[in-house]
Undergrad: 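Have a look at this one before I ask anything.
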Amino acid sequence: MKLKLLSCDAQRPDRRAIAQSIVAISLNINESLANELTDILLEGDAVEIEVEDKDSGSALRALRKLAIDYEIIE
């Protein structure tokens, strides 16, 4: 499943927690790339990640917990 991360609405977003969640839920993303994607997301641009279908429920919960708005692409 592909997700588009649109924005983070947290008043004080935790960059480290967001990056760790991206690494944990996505396919083929390492820590360095996750940090880059987190910076892009927090600057206001959308990023796309791919999540394994069997882990989609927990991935979506993790994103909601971090106040990240997302859109399911496929």
Side-chain angles (χ1 to χ4, degrees):
M1 162 196 295
K2 285 190 178 184
L3 296 176
K4 181 184 265 187
L5 308 182
L6 303 171
S7 65
C8 181
D9 295 333
Q11 189 171 8
R12 296 175 128 192
D14 184 348
R15 289 179 185 270
R16 194 171 131 237
I18 293 170
Q20 287 176 344
S21 290
I22 289 174
V23 169
I25 65 175
S26 62
L27 297 172
N28 304 322
I29 293 183
N30 61 25
E31 202 172 312
S32 175
L33 181 55
N35 286 327
E36 261 185 69
L37 294 175
T38 300
D39 289 341
I40 292 168
L41 178 67
L42 294 178
E43 287 173 5
D45 294 324
V47 296
E48 290 185 14
I49 62 172
E50 192 166 343
V51 178
E52 225 176 300
D53 287 336
K54 67 177 184 167
D55 297 332
S56 62
S58 59
L60 298 179
R61 269 192 304 283
L63 294 174
R64 286 192 297 269
K65 185 176 180 182
L66 292 167
I68 296 175
D69 290 331
Y70 59 87
E71 180 180 285
I72 298 172
I73 297 174
E74 21 175 283

Undergrad: Minimum heavy-atom separation for Lys4 and Ile73, please, with both atom names.
TA: CB-CD1, 3.7 Å
Undergrad: Would one find more than 12 heavy atoms of other residues, nucleotides or ligands at under 6.0 Å from atom CG of Asn28?
TA: no
Undergrad: I need the minimum non-hydrogen distance between Ala67 and Ala10, along with the two atoms involved.
TA: CB-N, 3.6 Å
Undergrad: Do Arg16 and Thr38 have side chains that get closer than 4.5 Å, going by heavy atoms?
TA: no
Undergrad: What's in the same ILVMFWY side-chain cluster as Leu5, cut-off under 4.5 Å, chained through other members?
TA: Met1, Leu3, Ile18, Ile22, Ile25, Ile29, Leu33, Leu37, Ile40, Leu41, Leu42, Val47, Ile49, Val51, Leu60, Leu63, Leu66, Ile68, Tyr70, Ile72
Undergrad: Calculate, to the nearest 0.5 Å, the distance between atoms CG and CZ belonging to Asp69 and Arg64 respectively.
TA: 11.5 Å
Undergrad: Nearest 0.5 Å, please: how far is CD in Glu43 from OG in Ser7?
TA: 14.0 Å
Undergrad: Is the closest side-chain heavy-atom distance between Glu71 and Leu6 below 4.5 Å?
TA: yes
